[in-house]
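Following: one structure in C-alpha cells, then a few remarks.
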Amino acid sequence: GKLVLVRGIVTRCTEVKPMMAVATYTCDRCGAETYQPINSPTFMPLQMCQSQDCVTNKSGGRLYLQTRGSKFVKFQEIKIQEHSDQVPVGNIPRSMTIFARGEITRQAQPGDH
C-alpha cells in the first residue's frame with residue numbers, strides 16, 4: 001500500500017458497515033478455536049478442523065463460524081468524480097470508488113471537494 005493523492009468531488013458515500021478482519025471458528029468435535037485473517041472483502045470460509053486432536057484421531061471435525069469471537073473493522077465505500085473544470089470538452093467525468101477502513105470512515109460527505 002502506498003499513499004496516493006487524488007482530487008475530485010464526493011458523489012456518493014455508503015453507510016458505515018462492519019467488515020470482518022479475523023474470522024473465528026469452533027470445531028464441532030474437539031471444540032478447538034481456529035482463527036482466519038481476512039484481507040479482502042470476500043473470503044472462503046474454512047470447513048475442516050486442522051487441530052492436533054482432529055488430525056490425530058482422523059475425526060474430521062467441521063468448523064462453524066463464531067461471529068461473537070470474530071473481529072470486525074468499520075468499512076465504507078466512497079465514490080468520487082473528477083472536477084468538471086478538469087474534464088476535456090465533450091468528455092464524461094471519470095469516477096473511482098475508494099474503500100475506507102477503520103477510523104477514516106465518516107470523514108467525507110457527498111459534495112465535499
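When reading the values below, keep in mind they use all heavy atoms of this one structure, side chains included, and skip hydrogens, waters and symmetry mates.
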From CA spacing to verdict: side-chain hydrogen bond (donor to acceptor under 3.5 Å, both in side chains), Y25, E33
CA-CA 6 Å; Y25 301 91; E33 281 194 346; over 6 Å; no
Please lay out, stage by stage, how K71 and M20 fare under the test side chain to side chain contact (heavy atoms under 4.5 Å, CB included).
CA-CA 6 Å; K71 182 179 178 190; M20 194 173 286; over 6 Å; no
How far apart are the C-alpha atoms of S95 and T11, what are their side-chain angles, what is the distance that settles it, and do they pass the side chain to side chain contact (heavy atoms under 4.5 Å, CB included) test?
CA-CA 9 Å; S95 64; T11 57; 5.9 Å; no
Show, in sequence, the C-alpha distance, side-chain angles and deciding distance for T34 and L63, and conclude whether the side chain to side chain contact (heavy atoms under 4.5 Å, CB included) test is met.
CA-CA 8 Å; T34 304; L63 294 175; 4.0 Å; yes
Evaluate the side chain to side chain contact (heavy atoms under 4.5 Å, CB included) criterion for residues S51 and C27: first the C-alpha distance (whole Å), next the side-chain angles of each, then the deciding distance (0.1 Å), finally the verdict.
CA-CA 9 Å; S51 73; C27 176; 5.6 Å; no
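Side-chain contact between C49 and C30: present, with at least one pair of heavy atoms (C-beta onward) separated by less than 4.5 Å. No side-chain heavy atom of M96 sits less than 4.5 Å from a side-chain heavy atom of E82. Side chains of R7 and H113 form no contact here, defined as non-hydrogen atoms less than 4.5 Å apart. With a 4.5 Å cut-off on side-chain heavy atoms, I80 and V6 count as touching.
In the hydrophobic clustering of this structure, V10 groups with I98; members are Ile, Leu, Val, Met, Phe, Trp, Tyr whose side-chain heavy atoms approach within less than 4.5 Å, directly or through other members. Clustering ILVMFWY residues whenever any of their side-chain heavy atoms sit less than 4.5 angstrom apart, transitively, puts I38 in a cluster other than the one holding V73. Criterion: ILVMFWY side-chain heavy atoms under 4.5 Å apart, direct or through other members. Under it, L46 and F72 are part of a common hydrophobic cluster. I78 and M19 are not part of a single hydrophobic cluster, where members link through side-chain heavy atoms under 4.5 Å apart. No path of Ile, Leu, Val, Met, Phe, Trp and Tyr side chains, each step under 4.5 Å between heavy atoms, connects F99 with V16, placing them in separate hydrophobic clusters.
In this structure, P93 and Q81 approach most closely via the heavy-atom pair CB-CG, 3.7 Å. V87 and N91 make their closest contact through CG1-O, 3.4 Å (heavy atoms, listed as atom of the first residue, atom of the second, distance). In terms of heavy atoms, Q36 sits closest to M44 at NE2-O, 3.1 Å. A pairwise comparison of heavy atoms in R29 and G61 identifies CG-CA, 3.4 Å as the closest pair.
A side-chain donor-acceptor contact under 3.5 Å links Q76 to the backbone of R106. Distance alone, capped at 3.5 Å, places no donor-acceptor pair between the Q109 side chain and the R12 backbone. Counting only distance, with no hydrogens or angles, the side chain of T105 and the backbone of G102 share a donor-acceptor pair below 3.5 Å. Judged by distance alone, the side chain of S70 and the main-chain N or O of A23 form no donor-acceptor pair under 3.5 Å.
Contacts of Q107 classified as side-chain hydrogen bond (donor to acceptor under 3.5 Å, both in side chains), with partners at least two apart in sequence or in another chain: none.
K79 contributes atom NZ, which lies 4.0 Å from atom OG1 of T97 (distance to the nearest 0.5 angstrom). For the atom pair CD (Q86) and CZ (R94), the distance works out to 9.0 Å, reported to the nearest 0.5 Å. Note that the OG1 atom of T24 and the CZ atom of R68 stand 13.0 Å from one another [nearest 0.5 Å].
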